[in-house]
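Here's the structure, in structure tokens; my notes come after.
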2 protein chains.
Amino acid sequence: MSKAEALKPPTGRKRQRITIADVAKQAGVATMTASRALNRPEMVSDELRTRVLQAAEELNYIPDRAAGGLASGAGLALPVLVPTLHHSVYVQILEGLEETLPEAGYQLLLGSTEYSREKEEKLVEVFLGWRPSGIILSGIDHSERTTRLLRAAGVPVVEIMDLAEPEQTGLPLDLNIGFSHYRVGEAVVDYLAGCGYRQIASAGTLTELDPRSVRRIQGFQNALRRRGLPHHLIGRSDRPSSLAVGRDLLSGLLAEHPTMDAVFFANDELAAGALFECQRRGIEVPAHLAIMGFSDEEIASHLNPALTTVRIPRREMGRLAADLLLARLGGQLGPQAPIDVGFDIVQRATTRSLPRELQERV
Amino acid sequence: MSKAEALKPPTGRKRQRITIADVAKQAGVATMTASRALNRPEMVSDELRTRVLQAAEELNYIPDRAAGGLASGAGLALPVLVPTLHHSVYVQILEGLEETLPEAGYQLLLGSTEYSREKEEKLVEVFLGWRPSGIILSGIDHSERTTRLLRAAGVPVVEIMDLAEPEQTGLPLDLNIGFSHYRVGEAVVDYLAGCGYRQIASAGTLTELDPRSVRRIQGFQNALRRRGLPHHLIGRSDRPSSLAVGRDLLSGLLAEHPTMDAVFFANDELAAGALFECQRRGIEVPAHLAIMGFSDEEIASHLNPALTTVRIPRREMGRLAADLLLARLGGQLGPQAPIDVGFDIVQRATTRSLPRELQERV
DNA sequence: CTGAAAGCGCTAACAA
DNA sequence: TTGTTAGCGCTTTCAG
């Protein structure tokens, strides 16, 4: 009748989970002792510990995390929501997170929102059911319900890849590490205008698709306006970004604004696509047209000509997010002001070089 | 003293999880009724169901999956192990999986092994602790312990991206969907030799890094041997693949084998890097050198000249894996022979075109 | 240092 | 249709 009876030979038809009770029985100790031997070895005598460990090994015992978490009240899961895995930016942020979090015993649960608040809301709801110790979100724009659920759950939240400004009341939700997309837009205009470009276009995906891209464009347009430059040269696609969309965006822009002399794309992939299209059309870059990307993916430096773009510290953002979260989970960290990790313009060959006297402004 | 006392106002300092008991109390029903109203609505009267649902909404109740799984014995997690997220191949496989699995109530747990069996083993161990309903692995090469743990756990396993051949005894572990890398290697030689190339090199990362790449090279070398062509033109790097490594590989190969006329790279990223290097050096492709990639990522068709490569049905593989797993979990599927999804050579512009009379062989 | 009892939040099984 | 009881596998008390 004993449950442990059928476990030795895996011959039996019925799958019998091996529990810590089985291990304890095999080692001839109490369940609790087995638990301690496994989790707090220093609290158990050498002899018993050895016996337990050996029994566990023999039985291929694997602790049930769900049961453990339930009993201890501890959360073990750490959901990370990113908009997409197609941009290496997010993959690298994940790498930053994975450097420390798994070691600390947390399980990263990955979800991709596809830039949709509704999908984000769904994912948050699902993940909250996994007793998360915390949660990492991309961006600071969430649905009202997402915010409410998160608040109600009372889990630490880290928002990355965007920066809550002081005037945005109620933001951030909790911890926040990122940079100002608005200022990226401004800086790009400063840079391109400094290089002497005057007909500067922006191109990206539909505004609803990415609020951060929208904020970049706001900064971009305001900076143009301040300089008295035209700011109506806008290319938009309703498809998710890809090289093909980059080509199409460029073609459309060229048709509509034949006089434009520079384009700022919402990411390097679009910019690379545009560059390929220029190659095919025989448009000389940067002599006839300047192209600028955003995020500095690996391809940027390998393109011919190499792509001028904006570098953002993704891995660092991931690492920092992990560190902050760990500190907060350890109870060593209270409320915290948003952390700005900044960005840099990487000048390469798809733009004319900036005159000497302006170099340091970048 | 009642536990539910402190829950209404979130003012209290102490975080009080809202449980189904709280919902039941608020709705004035038994816990079990609340559970049924939430999970099997049809078993509860309209009135009570409405009351329960409303209470749940008001309290922002989120069911605890760990507790639910524990009680019902059901597994809710579905780990997916991929070697890396840097190749879009794996991202697309994930998309294929995500089309159906989450809807069916499963939570995908993502782990990346970085092409390491040790890391894979660790991940399997961790994930097995999450009561997985099944598990999806990349490739058919696993450590002895991984195999043992998986067998002991008795969970359905799907191995993707490679195909177990009949002569490989003990393989696959369970379900298997993929294609033969060995035959890819052969087909590439058939194709390149058919185009008239004679000094054909292969280039990729170190053999330990990717057993599937090794198998491709085996097929490649055997096919060369059969044709009496030299098969010692091999470029290897110990760094994970990237555009930069592709360039270096090409440079190294060029220095060692000045007479080579074609190179087959282990993936499109390496091939793209090599192509960029050719552009920089002014080497004409395919006039002076043919370049061929593997996996047909988006960039392949946009490069100038566009890259000849091997297309593999990744999204389909993901979808199929999901379907099979679902069928197995539903008990409608017994042991199953490996499923070959095949591959195609996509002829583009980095290789001379194949003579007419050979076209259909590809 | 070791053990026994209680219970985490939920649902299967049974009873009403 | 609804409620009660027991227990999933583990760890937290609290005793020895």
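Given the structure is predicted, the values throughout are model-derived calculations rather than measurements. Here is how names work: the chains are called A, B, and so on, in the same order as the sequence lines, proteins then strands, and each is numbered from 1.
- Toward the 5′ end of DNA chain D lies the nearest nucleotide of B:Val29, the other residue of the pair B:Val29 and A:Ile62 mapping further downstream.
- Sorted pairs that involve residues 19-45 of chain A and meet ring-ring contact (aromatic ring centres under 6.0 Å, His included), not counting sequence neighbours, are lacking altogether.
- Rounded to an integer number of Å, the gap from CG of B:Asp64 to P of C:dT11 is 9 Å.
- With rounding to whole Å, B:Leu70 atom CG is found 12 Å from C:dA12 atom P.
- Between A:Glu120 and A:Arg117 there is no salt bridge, since none of the side-chain N atoms of the basic residue sits less than 4.0 Å from a carboxylate O of the acidic one.
- Taking atom CG on A:Asp22 and atom C1' on D:dG9, their separation rounds to 10 Å, with Å as the unit.
- Of all the heavy atoms in A:Val23 and A:Val52, the pair that sits closest is CG1-O, 3.8 Å.
- Of the two residues near DNA chain D, B:Arg131 and B:Met43, the one whose nearest nucleotide lies more 5' is B:Met43.
- Distance B:Leu76 CG to C:dG9 P: 17 Å, rounded to the nearest Å.
- If you measure from atom CG of B:Leu38 to atom C1' of C:dC10, you get 11 Å, rounded to the nearest angstrom.
- Atom CG of B:Leu59 is separated from atom C1' of C:dG9 by 15 Å (rounded to the nearest Å).
- The separation between B:Ile18 atom CD1 and C:dG9 atom C1' is 13 Å, rounded to whole Å.
- Between A:Thr33 and C:dT2 there is no side-chain N or O to OP1 or OP2 distance below 4.0 Å.
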Only pairs under 3.5 Å count here: list side-chain donor-acceptor contacts from residues 27-39 of chain A, not counting sequence neighbours, and write none if there are none.
{"from": "A:Asn39", "atom 1": "ND2", "to": "A:Ser35", "atom 2": "O", "distance (Å)": "3.1"}

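- In this structure, A:Trp130 places its CH2 atom 17 Å from P of C:dG9, rounding to the nearest Å.
- The ring-ring contact (aromatic ring centres under 6.0 Å, His included) contacts involving residues 35-76 of chain A comprise nothing, where partners must be two or more places apart or lie in separate chains.
- The main-chain N or O of B:Ala164 is found under 3.5 Å from a side-chain atom of B:Asn176 such that the two form a donor-acceptor pair.
- Listed by chain and residue number, A:Leu70, B:Arg17, B:Asp64, B:Ala66 satisfy the side chain to side chain contact (heavy atoms under 4.5 Å, CB included) test with A:Arg131 (two or more places apart in sequence, or in another chain).
- In terms of heavy atoms, A:Gly75 sits closest to A:Ser133 at O-OG, 2.8 Å.
- A salt bridge links B:Asp46 and B:Arg49; the closest N-O separation between the charged side-chain nitrogens and carboxylate oxygens is under 4.0 Å.
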What is the per-nucleotide protein-contact pattern of nucleotides 11-16 of chain D, from the 5' end, where B denotes a base atom under 4.0 Å from a protein heavy atom, S denotes such proximity for sugar-phosphate atoms only, and - denotes neither?
-> BB----
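- Sorted by residue number, the list of members of residues 47-56 of chain B with any non-hydrogen atom under 4.0 Å from DNA chain C is empty.
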